[in-house]
Amino acid sequence: MDKIDFSVRSVLAGEAPKDIPVTIKGWVRTRRDSKAGISFVHLSDGSSFHPLQVVAPSTLSNYADEVLKLTAGCALEAEGMIVPSPAKGQPFEMQASAIRVIGWVEDPDSYPIQPKPHSLEYLREVAHLRPRTNVIAAATRVRHTLAKAIHSFFDANGFFWVNTPIITGSDAEGAGALFRVSTLDLANLPRTEEGAVDFGKDFFGRETFLTVSGQLNIEAYCLALTKVYTFGPTFRAENSNTSRHLAEFWMIEPEIAFADLSDDATLAERLLKSALGTLLKERQDDLAFFDERIEKGLVAKLEGIVGSEFVRMDYGEAIAVLERATEKFEFPVKWGVDLQSEHERYLTEKHVKKPVVVMNYPKDIKAFYMRSNDDGRTVAAMDVLAPGIGEIIGGSQREERLDVLDARMVERGIDREHYAWYRDLRRYGTVPHAGFGLGFERTMAYVTGLANVRDAIPFPRTPGHAKY
RNA sequence: UCCCCGGUAGCUCAGUCGGUAGAGCAAGCGGCUGUUAACCGCUGGGUCGCUGGUUCGAGUCCGGCCCGGGGAGCCA
């Protein structure tokens with residue numbers, strides 16, 4: 001065995017052998033030359049936050065022709081012995097015995113990713129190259145670990161992951177505007193006798209859309225498997241232009257049977273704490289970077305969340321707190337109105353300074369499927385608000401009583417036949433159940449300190465943006 | 001969709017009272033150095049977002065449009 005492939009991560013962790021040459025492949029971050037006869041090439045393969053320092057001696061056959069011409073972004077293969085680094089900055093480095101350039105950067109002068117801080121706005125315009133930066137690579141690793149931690153939490157607690165459909169025939173009432181899915185020829189639409197578009201001729205024989213929520217479908221599996229969740233993409237065709245909205249985003253939606261709103265809130269709190277705890281253990285390098293460059297005090301903030309109790313507050317209590325506040329709000333506060341962003345921010349950022357669960361909202365501002373409370377004017381809904389990001393979770397106990405559900409649908413003018421299968425769930429062995437939706441990118445924004453969800457997803461889709 | 005801010009070199013930005021284009025970084029060349037997003041010197045690099053107008057003269061003032069960002073609403 002003359003050479004072995006290892007990752008930069010394994011080398012820096014001291015896991016690579018020290019008695020035989022190893023080969024590392026990656027992309028150049030920086031190159032510094034010493035006329036004493038060596039060059040330092042920082043090589044990154046994405047496996048860890050820190051790059052590998054490759055020490056290239058001038059005795060390499062291609063030193064003058066190639067090594068001295070390496071610029072940021074060049075792909076290469078470096079072979080050599082791993083040795084303890086005599087200088088500060090890294091525990092180990094490679095004494096290169098061979099460097100093979102695999103891919104040059106043509107025109108280094110205009111290569112969009114330079115070894116300097118770029119603005120996140122600029123990086124969005126080169127979305128195909130931005131994973132080569134520290135910040136996006138770190139976010140990508142955090143995203144992976146966060147997803148894994150969420151799956152692990154559910155698995156350890158007896159939940160089953162259910163892949164609810166991406167294409168749906170129902171429009172999950174009130175969750176937002178829909179993207180149509182159709183194979184009809186737009187230039188030559190089939191028409192009914194009345195002149196309307198004849199969706200009976202469409203691929204599925206009816207109107208279909210991209211899902212805005214897996215909730216209705218997951219309820220069906222909940223009422224058989226008891227503890228289930230979805231984790232998949234979700235689509236909203238809203239013309240939303242904010243740092244908190246994407247047209248395509250990922251959502252985690254657990255649903256638990258034989259459970260009420262309090263159980264739901266407990267699950268939300270345990271899930272968040274568990275996932276954050278895993279991140280703190282497994283992504284220290286990346287979190288340290290976010291702490292230093294993106295949000296000072298980030299790690300302490302996350303540790304604080306893991307170690308503290310979420311504050312629970314009734315909607316009515318939240319209104320009272322806001323009414324007492326000396327803060328000037330643009331929108332007046334009174335019982336019955338939905339909380340505005342400024343109100344949510346005040347509650348979570350100034351009043352309690354950590355995540356807060358607001359529960360039992362007025363029924364008129366919430367969806368038809370949320371369970372009516374005995375007071376006749378509120379429903380068992382909850383929102384988890386997080387500092388800096390606002391609503392991170394929205395959930396509720398579901399209305400399991402068919403007569404009450406029907407009454408609510410009539411109230412809202414919703415066609416019961418359209419929800420026939422959803423009503424069936426209340427006709428056959430109905431039980432109290434509850435669930436919530438956790439926005440994955442909003443959670444990412446919260447744990448990285450990145451202020452915009454567009455930087456928390458590999459290729460963000462927003463109005464007018466689907467180029468990459 | 002509404003409100004606000006912005007668009008000048010590959011990137012980040014400065015550009016005064018309207019007088020004809022600047023810096024740092026990057027790139028190229030040279031110097032120095034077991035260096036750490038090194039340091040020193042030199043060089044090249046511009047449709048000042050587009051368009052119309054005011055003016056002797058517009059990066060600068062005015063209108064329209066395009067693009068980006070922030071905030072609001074919708075919501076996760």
Side-chain angles (χ1 to χ4, degrees), chain A residues 28-42 44 50-57 68-69 71-73 83 85-90 93 95 105-126 129 133-134 172 174-177 212-215 233-253 268 293 330-331 338-342 344-345 365-367 383-386 389-395 436-446 451-457 462-465:
Chain A
V28 173
R29 282 298 178 79
T30 61
R31 186 199 86 230
R32 291 176 299 280
D33 306 317
S34 162
K35 284 290 159 24
I38 51 178
S39 287
F40 300 92
V41 177
H42 276 186
S44 168
H50 295 286
L52 174 68
Q53 173 155 281
V54 176
V55 183
L68 286 181
K69 290 177 179 156
T71 56
V83 298
S85 178
K88 286 185 179 171
Q90 57 281 319
E93 64 185 29
Q95 284 290 341
V105 166
E106 64 167 54
D107 191 14
D109 186 41
S110 61
Y111 178 58
I113 306 297
Q114 297 167 8
K116 55 162 286 184
H118 290 288
S119 69
L120 292 165
E121 294 81 2
Y122 167 71
L123 292 175
R124 280 172 218 148
E125 292 169 14
V126 285
L129 297 174
T133 62
N134 280 336
V212 291
S213 166
Q215 184 200 316
T234 306
F235 307 87
R236 306 254 169 110
E238 302 286 351
N239 189 10
S240 295
N241 293 289
T242 82
S243 57
R244 310 180 299 285
H245 290 86
L246 294 164
E248 174 182 299
F249 65 101
W250 288 61
M251 189 155 63
I252 297 101
E253 296 175 283
R293 296 294 179 89
E330 187 186 343
F331 296 91
D338 206 359
L339 299 181
Q340 303 288 320
S341 283
E342 58 174 347
E344 296 181 345
R345 278 173 183 256
I365 59 173
K366 288 294 182 181
D383 285 349
V384 178
L385 314 176
I389 208 76
E391 185 179 341
I392 194 171
I393 282 177
F436 60 80
L438 168 66
F440 190 49
E441 285 74 22
R442 287 187 183 178
T443 310
M444 273 290 295
Y446 184 65
N452 195 316
V453 291
R454 295 167 198 168
D455 304 316
I457 189 169
T462 53
H465 294 273

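Throughout, a chain's letter reflects where its sequence line sits, starting with A, and its residues are numbered from 1. Here the structure is a predicted model, which means the values were calculated and not measured.
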message: Using atom P in both nucleotides, what's the gap between U60(B) and C48(B) to the nearest angstrom?
response: 10 Å
task: Give one of base, sugar-phosphate or nothing for Q114(A), where a contact means two heavy atoms less than 4.0 Å apart.
output: base
message: Go nucleotide by nucleotide along RNA chain B from the 5' end; which of Q340(A) and G439(A) gets its closest nucleotide reached first?
response: Q340(A)
field: Sugar-phosphate, base or nothing in reach of Q90(A), heavy atoms under 4.0 Å
entry: base
task: Report which part of the nucleic acid D33(A) touches: base, sugar-phosphate, or nothing (heavy-atom distance under 4.0 Å, all strands).
output: base
field: Side-chain N or O of R442(A) closer than 4.0 Å to phosphate OP1/OP2 of C75(B)
entry: no
statement: Winner on side-chain proximity to N452(A), out of G70(B), A38(B), U1(B), is G70(B)
- prompt: When you measure from the side chain of F40(A), which nucleotide among U35(B), G69(B), A72(B) comes out closest?
  reply: U35(B)
- request: Scan S39(A) against the nucleic acid and name what it touches under 4.0 Å (heavy atoms): base, sugar-phosphate only, or nothing.
  value: nothing
query: Is there a donor N/O on one and an acceptor N/O on the other, under 3.5 Å, for the side chain of E93(A) and the base of G34(B)?
result: yes
query: Base, sugar-phosphate, or nothing: which does I392(A) touch, judged by heavy atoms less than 4.0 Å apart?
result: sugar-phosphate
message: Just N and O in the side chain of S34(A): are any of them under 4.0 Å from OP1 or OP2 of U35(B)?
response: no
message: Can you say whether a donor on the side chain of R29(A) sits under 3.5 Å from an acceptor on the base of A37(B), or the other way round?
response: no
message: What's Y122(A) touching, base or sugar-phosphate or nothing? Going by heavy atoms closer than 4.0 Å.
response: sugar-phosphate
- line: Side-chain atoms of E121(A) come closest, of G68(B), A37(B), G34(B), to G68(B)
message: Both R345(A) and P463(A) contact RNA chain B. Which one's nearest nucleotide lies toward the 5' end?
response: P463(A)
- request: Just call it for I252(A): base, sugar-phosphate, or nothing, with non-hydrogen atoms closer than 4.0 Å on any strand.
  value: nothing
- prompt: Just checking T242(A): base, sugar-phosphate only, or nothing, at a heavy-atom cut-off of under 4.0 Å?
  reply: base
- prompt: Between the base of U1(B) and the side chain of N241(A), is there a donor-acceptor distance below 3.5 Å?
  reply: yes
query: So which nucleotide from G69(B), U35(B), A76(B) ends up closest to the side chain of R454(A)?
result: G69(B)
- prompt: Does any N or O donor sit under 3.5 Å from an N or O acceptor when you compare the side chain of Q95(A) with the base of G34(B)?
  reply: yes
message: With a 4.0 Å limit, can you tell me whether H465(A) has a side-chain N or O closer than that to the phosphate oxygens OP1/OP2 of G68(B)?
response: yes
query: Hey, is Y111(A) stacking on G10(B)? Ring centres under 5.5 Å, planes under 30°.
result: no
- request: Remember a base hit wins even if backbone is also touched, and classify R293(A) as base, sugar-phosphate or nothing at under 4.0 Å, heavy atoms.
  value: base
- prompt: OP1 or OP2 of A72(B) sitting under 4.0 Å from any side-chain N/O of R244(A)?
  reply: yes
